[in-house]
Colleague: 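One structure, as structure tokens, below. Some questions next.
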Amino acid sequence: MIYLNGEYMPLAEARIPVLDRGFIFGDGVYEVIPVYSRRAFRLDEHLQRLQHSLDSIRLPNPYTPAQWQTIIEHVIMLNPWEDQSVYLQVTRGVAPRDHAFPKDTPQTVFVMSNPLTTPPARQRETGVSAVTALDNRWLRCDIKSTALLANVLLRQLAVDAGASETLLLREGYLTEGAASNIFVVRDGVLLAPPKDHRVLPGITYDVVLELAQQHAIRHEVREISEEEVRSADELWLTSSTKEVLPITRLDGQPVANGKPGPIYEVMYGYYQDFKRTVMRGKNT
Ligand code: PMP
């Protein structure tokens, strides 16, 4: 069951006009929110990021946070799975094709949910492979835009190489993954690229840094060079659906000894504990 412009309906019945600017221009923004035991994880933070994306593309938010919460909780309730991945999208609506903003056009709002499939234990135990590529995206990667052509092409490079993710390098420095944020461990210090216009401000990225802070894991937010990535002790990727996952091969070479590292193992444990606390309603 999905939500579309004020109505709940089966996905197969949902229709939008072909002149929707999301279809014509990719003129819209989105969010992906993980749901554990029917509770949306970090909902406030996802709605704040949505607001940032909408403000950045000068599109008014059609709903208040409370209205969003009601819709999202309703979609969760109408679907059969305990753990879900809620996808929401807002576009600049339906209008004759013209680049300029249309006047008085209501936004198109779509919310769907899928079963949440977090990585299987085997992937966490062995780690995944990644490749590198030049980050050829635009300079507003902080906007969670549905215009994802560059990300699609970059991610496909990984798939073509039999790998799971593409790590992006801009002017010799790590930005993020095609669909994830990237962390690096060197000499016992967790390193993260700064959140600026070159990366999506990941909700999982923030959770990982908060957990590092709470548990006194040494960490630093700073520029990370390609050389530091290639000679890392550990590489991780983070996202709402992948959680925290070790990368153990990069461009066909093992990362350090080719096994998930000790700091990954502790962080993964902290992340799972944190999720359980949230699900008990003690924290958000
Ligand atoms: N960067 C990019 C480019 C992404 O698409 C995503 C989400 N898939 C992330 C980072 C991770 O963000 P989050 O932790 O909020 O899922």
Side-chain angles (χ1 to χ4, degrees), residues 26 28-36 40-54 56 68 72 83-89 112-114 116-119 128 130-159 163-170 173-184 190 192-212 221 224 229 235-247 267-268 270-272 274-275 278 284:
V29 298
Y30 75 107
E31 276 298 322
V32 177
I33 307 163
V35 173
Y36 300 107
F41 184 67
R42 295 241 139 174
L43 181 60
D44 293 350
E45 288 81 355
H46 280 279
L47 293 178
Q48 278 160 21
R49 185 171 65 183
L50 173 67
Q51 188 64 53
H52 168 78
S53 296
L54 288 166
S56 302
W68 275 115
I72 290 165
D83 293 351
Q84 304 183 21
S85 162
V86 169
Y87 175 95
L88 69 85
Q89 165 168 339
M112 68 174 166
S113 188
N114 285 294
L116 178 67
T117 43
T118 49
V128 298
V131 295
T132 56
L134 289 183
D135 191 344
N136 55 10
R137 299 173 303 162
W138 69 336
L139 291 173
R140 288 307 307 273
C141 295
D142 56 309
I143 302 173
K144 202 161 170 62
S145 165
T146 59
L148 285 172
L149 183 55
N151 300 65
V152 166
L153 294 172
L154 289 164
R155 175 75 209 293
Q156 189 61 31
L157 295 177
V159 175
S164 297
E165 181 57 304
T166 306
L167 267 57
L168 306 179
L169 299 162
R170 198 188 278 278
Y173 290 90
L174 173 69
T175 53
E176 58 180 340
S180 59
N181 290 109
I182 305 295
F183 287 83
V184 174
L190 178 62
K195 281 200 292 187
D196 60 20
H197 61 283
R198 294 169 297 179
V199 300
L200 185 81
I203 305 297
T204 322
Y205 168 107
D206 283 345
V207 173
V208 164
L209 285 181
E210 281 172 35
L211 290 172
V221 175
I224 303 165
V229 173
L235 292 177
W236 315 342
L237 66 81
T238 67
S239 83
S240 290
T241 52
K242 298 269 190 313
E243 302 183 332
V244 191
L245 202 55
I247 297 169
M267 180 56 75
Y268 181 77
Y270 293 144
Y271 194 87
Q272 295 308 314
F274 181 73
K275 261 171 43 185
V278 171
T284 53

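For ligands, and for the atoms within them, numbers begin at 1 and follow the listed sequence. Along the sequence shown, residues carry numbers from 1.
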Colleague: Is Ser240 in polar range of ligand 1, meaning some N or O pair under 3.5 Å apart?
Modeller: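 So ligand 1 has an N or O lying under 3.5 Å from an N or O of Ser240.
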Colleague: Nearest protein heavy-atom contact for atom 12 (O) of ligand 1: which residue, which atom, what distance?
Modeller: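 That would be Gly202 CA, 3.5 Å.
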Colleague: Looking only at heavy atoms, is any part of Asn151 under 4.0 Å from ligand 1, and if so is it the side chain, the backbone, or both, or is it neither?
Modeller: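 Within the 4.0 Å criterion, Asn151 contacts ligand 1 through side-chain atoms alone.
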Colleague: Between Asp142 (side chain only) and Lys195 (backbone N and O only), is there a donor and an acceptor less than 3.5 Å apart?
Modeller: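 Absent.
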Colleague: Report the nearest protein non-hydrogen atom to atom 1 (N) of ligand 1: residue, atom name, distance rounded to 0.1 Å.
Modeller: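 Nearest neighbour among protein heavy atoms for atom 1 (N) of ligand 1, to 0.1 Å: Glu176 OE1, 2.7 Å.
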Colleague: Are Glu45 and Asp206 close enough that some pair of their side-chain heavy atoms sits under 4.5 Å apart?
Modeller: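 Counting from C-beta outward, Glu45 and Asp206 never come under 4.5 Å.
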Colleague: Relative to the ring of Trp236, is the ring of Phe183 parallel (under 30°), tilted (30 to 60°) or perpendicular (over 60°)?
Modeller: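 Answer is tilted, since the angle falls between 30° and 60°.
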Colleague: Should Arg137 be counted as touching ligand 1, given the test is an N or O pair under 3.5 Å?
Modeller: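 In this structure, Arg137 places no N or O atom under 3.5 Å from an N or O of ligand 1.
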Colleague: Got a donor-acceptor contact below 3.5 angstrom from the Asn181 side chain to the Glu176 backbone?
Modeller: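 Between the backbone of Glu176 and the side chain of Asn181 there is no qualifying donor-acceptor contact (under 3.5 Å).
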Colleague: What protein heavy atom lies closest to atom 4 (C) of ligand 1? Include the residue and the distance to one decimal.
Modeller: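 For this ligand atom, the closest protein heavy atom is Ala179 C, 3.4 Å.
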Colleague: Please work out which of Asn181, Asp206, Val244 has its closest non-hydrogen atom nearest to atom 11 (C) of ligand 1.
Modeller: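 Answer by nearest heavy atom: Asn181.
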Colleague: Any donor-acceptor pair under 3.5 Å linking the side chain of Tyr271 with the backbone of Val207?
Modeller: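 The answer is no, because no donor-acceptor pair under 3.5 Å joins these two groups.
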Colleague: Nearest heavy atom to atom 7 (C) of ligand 1: which of Glu45, Arg42, Glu31, Lys144 does it belong to?
Modeller: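 Closest candidate by heavy-atom distance is Lys144.
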Colleague: Does ligand 1 have any atom sitting under 4.0 Å from a heavy atom of Gly177?
Modeller: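 Contact present.
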Colleague: Take every heavy atom of Cys141, measure it against each atom of ligand 1, and state whether any distance is under 4.0 Å.
Modeller: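 Flag not set, Cys141 not near ligand 1.
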Colleague: Can you name the atoms of ligand 1, numbered from 1 with element, that are less than 4.0 Å from a heavy atom of Ser180?
Modeller: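 By the 4.0 Å cutoff, the relevant atoms are 1 (N), 2 (C), 4 (C), 6 (C), 9 (C), 10 (C).
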Colleague: In Å, rounded to the nearest 0.5 Å, how long is the span from CZ of Arg198 to CG of Asp135?
Modeller: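 Those atoms lie 9.5 Å apart.
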Colleague: Considering heavy atoms of the protein only, find what lies nearest to atom 14 (O) of ligand 1 and give residue, atom and distance to 0.1 Å.
Modeller: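 That would be Thr204 OG1, 2.6 Å.
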Colleague: Could you verify whether a donor N or O on one side chain and an acceptor N or O on the other, from Thr118 and Glu243, lie under 3.5 Å apart?
Modeller: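 The criterion, which ignores hydrogens and geometry beyond distance, is not satisfied for Glu243 and Thr118.
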Colleague: For the pair Arg49 (side chain) and Leu200 (backbone), establish whether a donor and an acceptor sit closer than 3.5 Å, ignoring hydrogens and angles.
Modeller: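 No.
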Colleague: Keeping Glu31 on the side-chain end and Leu47 on the backbone end, is there a donor-acceptor pair under 3.5 Å?
Modeller: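 No, Glu31 side chain to Leu47 backbone: no donor-acceptor pair under 3.5 Å.
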Colleague: Is there any N or O on Ile203 that sits under 3.5 Å from an N or O of ligand 1?
Modeller: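 Ile203 vs ligand 1: N/O contact under 3.5 Å present.
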Colleague: Within the 4.0 Å heavy-atom shell around Arg49, which atoms of ligand 1 are there?
Modeller: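 In order of number, 12 (O), 13 (P), 15 (O).
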